[in-house]
Amino acid sequence: MTSGVRHGTAPVVLRRAATLLSRLPEPIAYALYPFLVHGGLDRWLLPRESEVAVEALDGAVFALDPHDEIAREILHFGAYEKRNIEIMRKLTRGVRGTFLDIGANLGNHAVLLASAFERIAVFEPNPPTLNRLRTNLALNGLSKARVFDVGLSDVNASLAFLAEQGSNPGASRFLEAGDGAEADGVPRLEARIGDELVTENDLGPVTAIKIDVEGHEERVIAGLAKTIAEYRPLIFMEWDARRNGPGCFDRLSGYRFHAQPWELSGGRWWRPFARGIDAARAPRLVRVEPDDLKDRYISMLVGIPSERPPEL
């Protein structure tokens, strides 16, 4: 069940959404999910309110817009990229330190991974998304989470920013050269060099970093070079071969990379079924090399320092 969020008051009902997909076995639900969501068909199965509050995985609470694709996955499964969260929880168990959530969006990862860390630093430059992020951190009482209303990069500058207005605001991103970054009238948002913010705000030791910035990953890694070299954190990042290049790997020397087997199987149409099959199994990771990732999209590429065993 869900309830409308009344501004200025706490949500009245905070129970798991009773959507059709949430009632199905997860292997079936995950196989159906992309076809329903990307076709917009699942909107007929969701609450009619423009804003709802829902109790998600392990009692976490999120204020959500059901029209947002990330929010809809939380409504259906209790978490966005639930299997990724499960793997991150296993790998970060007992690490403590500070978690950097770069491209925090509405706070899915920060909230659901909070218990593993002493401190959390979240980075989100997009104002509408930032407001929802603050709300969700407050709903979960995460006083140890510090919010930075900037993006991370390898420069201190105002960068051209494309704010997606459709069903997936999470696809908003800094524009790179050749993507219209120099066009007149393109809004600009502040970006900072990560190493400087870590030092200025005494954020160390940094033990884990999540990066989901729609193609700006290499520049984020470059701006965190000193932090990564000093603390050797676990790194979880989205990989999209259309936007990311081998520079990501070149800047992470001494790291081994892993992905879930289903993310490496088949093509676009088989991918949802592979994800469904994987949901019936225990979480797994396999070693990957840069050449394995050509022309691929990986929702979570896991970078593990070579001195650390990769066991889940």
Side-chain angles (χ1 to χ4, degrees), residues 81 83-104 109-110 112-123 144 152-154 193-213 216-241 244-264 278 281-294 296 298-312:
E81 296 182 342
R83 178 50 61 95
N84 292 1
I85 294 293
E86 291 172 347
I87 290 174
M88 293 173 78
R89 282 179 166 181
K90 286 179 177 291
L91 289 173
T92 59
R93 185 180 296 123
V95 299
R96 312 308 297 163
T98 302
F99 173 46
L100 305 186
D101 187 351
I102 304 165
H109 287 67
L112 296 178
L113 296 169
S115 62
F117 302 95
E118 295 166 300
R119 293 183 295 178
I120 301 169
V122 296
F123 301 85
K144 65 181 176 181
L152 294 191
S153 189
D154 55 355
I193 296 172
D195 282 332
E196 295 182 4
L197 284 182
V198 169
T199 300
E200 291 169 8
N201 295 280
D202 193 24
L203 297 180
V206 175
T207 51
I209 301 173
K210 169 232 153 187
I211 312 171
D212 186 349
V213 289
H216 205 71
E217 281 78 6
E218 183 178 347
R219 296 185 66 179
V220 171
I221 293 167
L224 285 167
K226 293 180 182 179
T227 299
I228 292 170
E230 179 176 0
Y231 298 118
R232 304 287 285 168
L234 291 163
I235 295 176
F236 307 94
M237 67 177 181
E238 183 182 49
W239 170 266
D240 188 341
N244 297 118
C248 290
F249 303 106
D250 296 339
R251 295 181 183 279
L252 292 172
S253 60
Y255 273 76
R256 296 186 301 258
F257 297 94
H258 302 75
Q260 297 170 77
W262 72 267
E263 299 228 62
L264 302 170
D278 183 75
R281 300 173 173 172
R284 296 177 299 153
L285 290 174
V286 296
R287 179 80 179 271
V288 295
E289 301 294 341
D291 285 347
D292 299 325
L293 302 177
K294 292 179 179 178
R296 286 197 177 274
I298 305 292
S299 68
M300 185 179 70
L301 186 64
V302 181
I304 301 177
S306 56
E307 64 272 16
R308 172 176 172 158
E311 292 86 358
L312 287 177

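For residues 222-231, every residue pair satisfying the side-chain hydrogen bond (donor to acceptor under 3.5 Å, both in side chains) rule, not counting sequence neighbours, is listed here: D195-T227. Sorted by first then second residue, the salt bridge (Lys or Arg N to Asp or Glu O under 4.0 Å) pairs that include residues 232-241, not counting sequence neighbours, are R232-E307, D240-R242.
No donor-acceptor pair under 3.5 Å is formed between the side chain of R296 and the backbone N or O of A241. For the pair R89 (side chain) and L112 (backbone), a donor-acceptor distance under 3.5 Å is present. With hydrogens and angles ignored, the 3.5 Å screen pairs a side-chain donor or acceptor of R119 with a backbone N or O of G204. A donor-acceptor pair under 3.5 Å is absent between the side-chain atoms of K210 and the main chain of F99, judged by distance alone.
By the 4.5 Å heavy-atom criterion applied to side chains, V95 and F117 are counted as neighbours. Using a 4.5 Å cut-off on side-chain heavy atoms (C-beta onward), I209 and I228 make contact. Considering only heavy atoms from C-beta on, N244 stays 4.5 Å or farther from E218 through its side chain. The closest side-chain heavy-atom distance from E289 to D292 is below 4.5 Å. Annotation: side chain of L293 is in contact with side chain of L264 (closest heavy-atom distance under 4.5 Å). Contact check for T92 versus L234: side-chain heavy atoms found under the 4.5 Å cut-off.
Taking CG of L252 as the reference point, atom CZ of F257 lies at 4.5 Å (rounded to 0.5 Å). Of the inter-residue distances, the one linking E118 atom CD with I120 atom CD1 reads 11.0 Å to the nearest 0.5 angstrom. Separation of atoms CD1 (I235) and SG (C248) is listed at 10.0 Å; rounding is to 0.5 Å. Atom CD1 of I102 sits about 10.5 Å away from atom CG of D212, to the nearest 0.5 Å. The structure places CG of D101 at 7.0 Å from NE2 of H109, a figure rounded to the nearest 0.5 Å. Within the model, atoms CZ of R219 and CG of L152 stand 12.0 Å from one another, a figure rounded to the nearest 0.5 Å.
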*Given V288 and I298, is the side chain to side chain contact (heavy atoms under 4.5 Å, CB included) satisfied, shown in steps?*
CA-CA 11 Å; V288 295; I298 305 292; over 6 Å; no
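Judged as a ring-ring contact (aromatic ring centres under 6.0 Å, His included), and not counting sequence neighbours, the contacts of W239 are F249. Listed by chain and number, the residues in a side-chain hydrogen bond (donor to acceptor under 3.5 Å, both in side chains) with R83 are E86, D278 (sequence neighbours excluded). Applying the side-chain hydrogen bond (donor to acceptor under 3.5 Å, both in side chains) test to N84 and every residue at least two apart in sequence or in another chain returns E81, Q260, S299. N201 meets the side-chain hydrogen bond (donor to acceptor under 3.5 Å, both in side chains) test with R146; sequence neighbours excluded.
Nearest heavy atoms, P261 versus V286: CG-CG1, 3.8 Å. Scanning both residues, I87 and P283, for their nearest heavy atoms gives CG1-CB, 3.7 Å. The two atoms that bring A208 and P233 nearest to each other are N-CB, 3.7 Å, heavy atoms only. Between E263 and M300, the closest heavy-atom pair is OE2-N, 3.4 Å.
When each of L197, V206, V220 is checked for a side-chain contact (heavy atoms from CB on, under 4.5 Å) with L100, only V206 meets the rule.
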